[in-house]
Participant: 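Following this message is one structure expressed as structure tokens.
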Amino acid sequence: MDADNHVVRLCVRGMEAEARGEDGTALRLFLEAWEQASDDYEACVAAHYVARHQDTPEETLRWNQECLNRADRVSDERVSGFYASLYANMARAHRELGETAVAHEYFQRAAERVEDAPGGDYGMWNRLAIAEGLRGTAAGRELAEAAGGRKAEGALLAGLLARLCERQDLRALGMILPAYLSDLGSEQDRDRLRSALHMVHAARWLMAEEQQTLGEAIALLGEEAGASVAGGASEVSCRGG
């Protein structure tokens, strides 16, 4: 964002007020930025921050929708990096309203745009929030049969990770958690998770029962990968015919 833009400067002052715990001052500055916005880009930036200070899920959703609408109107490189966050904010607002299926759809859209977002610590925070949202809202959808294995694998890993946390097995947690928590469902992410699980399994750090659970999760991931490859080959075959 342009640090010299007057709306951006107001929002920066608002964030500084947030950091001091002065939420009333922050909201006043964000609303001032909204009122002074001269185009859709500036309105998009301001609406994003106004949304953070609403008292009800309904108002939070309204401001997040306004922000998304303004970004769609801009529709150029200035906002391309915003969409992962915008969709994630829409997802969280719908989740707060109990609209789990809609929330899951927005988390999926966020995952599709995550590579466009800024990197670094913010990018990782964004990725972790989206991945958690996907896991937390998946049960609210009628998932395809192919997702059944992923749900089973996820349940196995969640239980295993809880046990590892309980006994503070930092070696295994350090290997598995980064890949597990940042998994957005892409083939690259699934490969990263499979690799982490295989390394822990090969190291034989775990107790016998945990080792078996880990092996079952790896097998489910392998079945998922095989189904994905088979599906791709079938698609190519159909197109070729």
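Sequence positions, counted from 1, serve as the residue numbers for this chain.
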Participant: Taking all heavy atoms of Val79 and all of Tyr41, pick out the closest pair and write down the distance.
Facilitator: CG1-CD1, 3.9 Å

Participant: Evaluate whether atom CG of Asp76 has more than 12 neighbouring non-hydrogen atoms of other residues, nucleotides or ligands under 6.0 angstrom away.
Facilitator: yes

Participant: If you compare all heavy atoms of Ala117 against all heavy atoms of Asn126, which two are closest, and at what distance to 0.1 Å?
Facilitator: CB-ND2, 4.2 Å

Participant: Ignoring hydrogens, what is the shortest heavy-atom contact between Ile130 and Ala88? Give both atom names and the distance.
Facilitator: CG1-CB, 4.1 Å

Participant: How about Glu32 and Gln36: does a side-chain donor come under 3.5 Å of a side-chain acceptor?
Facilitator: yes

Participant: Does any pair with a residue in residues 89-100 pass salt bridge (Lys or Arg N to Asp or Glu O under 4.0 Å), and if so which ones, sequence neighbours excluded?
Facilitator: Arg95-Glu132

Participant: Answer yes or no: does atom CD of Gln188 have more than 12 heavy-atom neighbours from other residues, nucleotides or ligands under 6.0 Å?
Facilitator: no

Participant: With heavy-atom distances below 4.5 Å as the criterion, would you say the side chains of Met124 and Leu128 are in contact?
Facilitator: yes

Participant: Could you pull out all residues at least two apart from Ala179 that satisfy side-chain contact (heavy atoms from CB on, under 4.5 Å)?
Facilitator: Arg192, Leu193, Ala196

Participant: Report yes if some heavy atom in the side chain of Leu197 is under 4.5 Å from a heavy atom in the side chain of Leu157; otherwise report no.
Facilitator: yes

Participant: More than 12 heavy atoms of other residues, nucleotides or ligands under 6.0 Å from CZ of Arg20: yes or no?
Facilitator: yes

Participant: When rounded to the nearest 0.5 angstrom, what is the spacing between CD in Glu216 and CG in Leu160?
Facilitator: 10.5 Å

Participant: Provide the full list of ring pair (Phe, Tyr, Trp, His ring centres under 6.0 Å) pairs with a residue in residues 154-178, sequence neighbours left out, each pair given once.
Facilitator: none

Participant: Is the closest side-chain heavy-atom distance between Asn89 and Cys67 below 4.5 Å?
Facilitator: no

Participant: What heavy-atom pair brings Tyr106 and Ala91 nearest, and what distance separates the two atoms?
Facilitator: CB-CB, 3.6 Å

Participant: Applying salt bridge (Lys or Arg N to Asp or Glu O under 4.0 Å), name anything that partners Glu209, two or more places apart in sequence or on another chain.
Facilitator: Arg163

Participant: Check side chain to side chain donor-acceptor pair (under 3.5 Å) between His201 and all other residues, then give those that pass, not counting sequence neighbours.
Facilitator: none

Participant: Hey, does Met90 have a side-chain heavy atom less than 4.5 Å from the side chain of Thr60?
Facilitator: no

Participant: Does Val45 reach the side chain of Glu42, with side-chain heavy atoms less than 4.5 Å apart?
Facilitator: no

Participant: Hey, does Leu86 have a side-chain heavy atom less than 4.5 Å from the side chain of Asn64?
Facilitator: no

Participant: Salt bridge check, Arg70 against Glu66: does any charged N sit closer than 4.0 Å to a carboxylate O?
Facilitator: yes

Participant: Return the set of residues passing side-chain contact (heavy atoms from CB on, under 4.5 Å) with Arg113 (not counting sequence neighbours), or none when no residue passes.
Facilitator: Ser80, Tyr83, Ala84, Tyr87, Asp116

Participant: Identify the two heavy atoms, one from Ala43 and one from Ala37, that lie closest to each other, and give their separation to 0.1 Å.
Facilitator: N-CB, 3.5 Å

Participant: Quick one: list whatever passes side-chain contact (heavy atoms from CB on, under 4.5 Å) with Arg167, sequence neighbours left out.
Facilitator: Leu164, Asp169, Leu206, Met207, Glu210

Participant: Do the side chains of Glu153 and Arg194 get close enough for a salt bridge, i.e. N-O under 4.0 angstrom?
Facilitator: no

Participant: Verify, without hydrogens or angle tests, whether Ser195 (side chain) and Asp191 (backbone) share a donor-acceptor contact under 3.5 angstrom.
Facilitator: no

Participant: Would you list the pairs meeting salt bridge (Lys or Arg N to Asp or Glu O under 4.0 Å) in which at least one residue belongs to residues 43-54, sequence neighbours left out?
Facilitator: Glu18-Arg52

Participant: Linking Ile, Leu, Val, Met, Phe, Trp and Tyr by side-chain heavy atoms under 4.5 Å, what else ends up with Tyr122?
Facilitator: Trp125

Participant: Distance from Gln108 atom CD to Glu105 atom CD, nearest 0.5 Å?
Facilitator: 7.0 Å

Participant: List for me each residue that meets side-chain contact (heavy atoms from CB on, under 4.5 Å) alongside Thr25, sequence neighbours excluded, and say none if there are none.
Facilitator: Ala17, Glu22, Arg28, Leu29

Participant: Taking only residues two or more places apart in sequence, or in another chain, which ones meet Asp4 in a salt bridge (Lys or Arg N to Asp or Glu O under 4.0 Å)?
Facilitator: none

Participant: Identify whether the distance between the nearest side-chain nitrogen and carboxylate oxygen of Asp189 and Arg127 falls below 4.0 Å.
Facilitator: yes

Participant: Taking only residues at least two apart or on different chains, which pairs with a member in residues 47-75 satisfy ring pair (Phe, Tyr, Trp, His ring centres under 6.0 Å)?
Facilitator: Phe30-Tyr49, Phe30-His53, Trp34-Trp63

